[in-house]
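Data first, discussion second: the structure below is written as structure tokens.
A, B, ... follow the sequence lines: proteins, then strands. Residue 1 opens every chain. For clarity, every value in this text was computed on a predicted model and none was experimentally measured.
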2 protein chains.
Amino acid sequence: MKHNLDTVKQKLYDKDHKLTPQRRVILEVFTKSKEKHLSAEDVWGMVKKTYPEVGLATVYRTLDLFAELDVLHKMDFGDGRGRYEFCESEVHQHHHLICLNCGSVTEFEDDLLECLESEIEKKNHFKILNHELKFYGHCNKCH
Amino acid sequence: MKHNLDTVKQKLYDKDHKLTPQRRVILEVFTKSKEKHLSAEDVWGMVKKTYPEVGLATVYRTLDLFAELDVLHKMDFGDGRGRYEFCESEVHQHHHLICLNCGSVTEFEDDLLECLESEIEKKNHFKILNHELKFYGHCNKCH
DNA sequence: GTATCTGCAAACTCTTTGCAAAAAC
DNA sequence: GTTTTTGCAAAGAGTTTGCAGATAC
């Protein structure tokens, strides 16, 4: 699932939403930023560079909307603010190593959980839609 | 690691904290409540039944303190409020199935991750202190 | 032209903090 | 007696909402 302007436009129109310059710029921020896990305030700061009059409320509303359309994925690293990144797939995200000292977030991929899921689903009568695995500890800079 | 009044008392005294009636009652709430994942407001509601004049700030401060002493473990289920439960072990907590419809939280145990950890530590130069695994989906009531 | 979207300010929720009085030891 | 702890009220952070004007199509 690769998101470009056209696929997002389509998703918006499918649900009677419009493509506004604000939404376009917010989307651009995510394609261009090298930091992946952006908070609303982060996004706002970057959007204002090309669109200074944008409101923070618009950023929040847009991030919400994009999360609803499965364009962005909302995460929580326990620091009291939501973080957003592009949805990797329809189903599962990758996982995160979170440094308790400096707060840095590293990603890693793993398929081990997939095989666990069907077992857990059966045992608990629970339909799994997504999973989230986080390791907390100290990164190589903070040893 | 089983926490009773005496072990907690010891932990408090070890760090020059005092055992107050408020702290005693808050601890009791966790031993007596059948719902395990309590928010500060939850705890406050239950504490007030036996100690009506307690302040919410005291509850927050006590939960913080207990988390620092590894008596309680603070969690986050993505609903914008912190949740607390007894620490299961010095190292790792169990994991959670979170229903996206009704918000119910079920627990499950699994040791599969333990074997993953040393591999991840080596590959990423990351010292893992704790991990957190959550499955989001629909519980048996909400199918 | 009409429904959606925006910016602003105000409201809201959860949590933290400053302070003087109270309590633990 | 000293230090920690408490309750209160006020402040703080992050997020949401109501509304009138603006914009996409």
Next on the checklist: It should be established whether R23(B) places a side-chain nitrogen or oxygen under 4.0 Å from OP1 or OP2 of nucleotide dT4(D).
Outcome noted: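 Checking dT4(D) against R23(B), no side-chain N or O comes under 4.0 Å of OP1 or OP2.
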Checklist entry - Phosphate oxygens OP1/OP2 of dC25(D): is one of them under 4.0 Å from a side-chain N or O of Y13(A)? => result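 For dC25(D), OP1/OP2 do have a side-chain N/O of Y13(A) under 4.0 Å.
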Report the distance from atom [atom1] of [X] to atom [atom2] of [N], rounded to the nearest whole Å.
{"X": "L65(A)", "N": "dT6(C)", "atom1": "CG", "atom2": "C1'", "answer": "14 Å"}
{"X": "E53(B)", "N": "dT5(D)", "atom1": "CD", "atom2": "P", "answer": "18 Å"}
{"X": "K48(B)", "N": "dG7(D)", "atom1": "NZ", "atom2": "C1'", "answer": "13 Å"}
{"X": "Y51(A)", "N": "dT6(C)", "atom1": "OH", "atom2": "P", "answer": "8 Å"}
{"X": "R24(B)", "N": "dT6(D)", "atom1": "CZ", "atom2": "P", "answer": "12 Å"}
{"X": "R83(A)", "N": "dG14(D)", "atom1": "CZ", "atom2": "C1'", "answer": "12 Å"}
{"X": "R81(A)", "N": "dT16(D)", "atom1": "CZ", "atom2": "P", "answer": "14 Å"}
{"X": "D79(A)", "N": "dT16(C)", "atom1": "CG", "atom2": "P", "answer": "13 Å"}

Item to check | Nearest-0.5 Å distance, CG of residue L97(B) to NZ of residue K127(A) | outcome: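 If I round to the nearest 0.5 Å, the distance is 13.0 Å.
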Checklist entry - Taking atom CG of L133(B) and atom CD of E132(A), what is their separation to the nearest 0.5 Å? => result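 The CG atom of L133(B) sits 9.5 Å away from the CD atom of E132(A).
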Checklist entry - Taking for each residue the nucleotide of DNA chain C with the nearest heavy atom, is it T62(A) or K74(B) whose nucleotide lies nearer the 5' end? => result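 Closest to the 5' end, via its nearest nucleotide, is T62(A).
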Next on the checklist: Go nucleotide by nucleotide along DNA chain C from the 5' end; which of K9(B) and L56(A) gets its closest nucleotide reached first?
Outcome noted: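 Here L56(A) is the residue nearer the 5' end.
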The side chain of [X] lies closest to which of these nucleotides: [options]?
{"X": "T20(B)", "options": "dT5(D), dA24(D), dT16(C)", "answer": "dT5(D)"}
{"X": "T58(B)", "options": "dT6(D), dC14(C), dT6(C)", "answer": "dT6(D)"}
{"X": "P21(B)", "options": "dG7(D), dA24(C), dC5(C)", "answer": "dA24(C)"}
{"X": "Y60(A)", "options": "dT15(C), dG14(D), dC8(C)", "answer": "dG14(D)"}

Checklist entry - Does H17(B) or A57(B) map to a spot on DNA chain D nearer the 5' end, using the closest nucleotide for each? => result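 Its nearest nucleotide lies further toward 5', so the answer is H17(B).
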Next on the checklist: Would you say Q10(A) and D14(A) are linked by a side-chain donor-acceptor pair, where the criterion is simply a distance under 3.5 Å?
Outcome noted: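 A pair is found: one side chain offers a donor N or O, the other an acceptor, under 3.5 Å apart.
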Next on the checklist: Considering every strand and a 4.0 Å limit on heavy-atom distances, what is the contact class for Q22(B): base, sugar-phosphate, or nothing?
Outcome noted: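 Since only primed, P, OP1 and OP2 atoms lie under 4.0 Å of Q22(B), the category is sugar-phosphate.
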Checklist entry - Base, sugar-phosphate alone, or nothing: which one does R61(B) contact when heavy atoms must sit under 4.0 Å apart? => result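 It contacts base atoms.
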Next on the checklist: Base of dT23(D), side chain of K18(A) - is there a donor-acceptor contact under 3.5 Å?
Outcome noted: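 Absent.
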Item to check | Heavy-atom closest pair, residues F108(A) and H96(A) | outcome: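 The pair with the smallest heavy-atom distance is CE2-N, 4.0 Å.
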Checklist entry - Can we say K11(B) and D70(B) salt-bridge, meaning some charged N sits less than 4.0 Å from an Asp/Glu carboxylate O? => result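 No, no charged N to carboxylate O under 4.0 Å.
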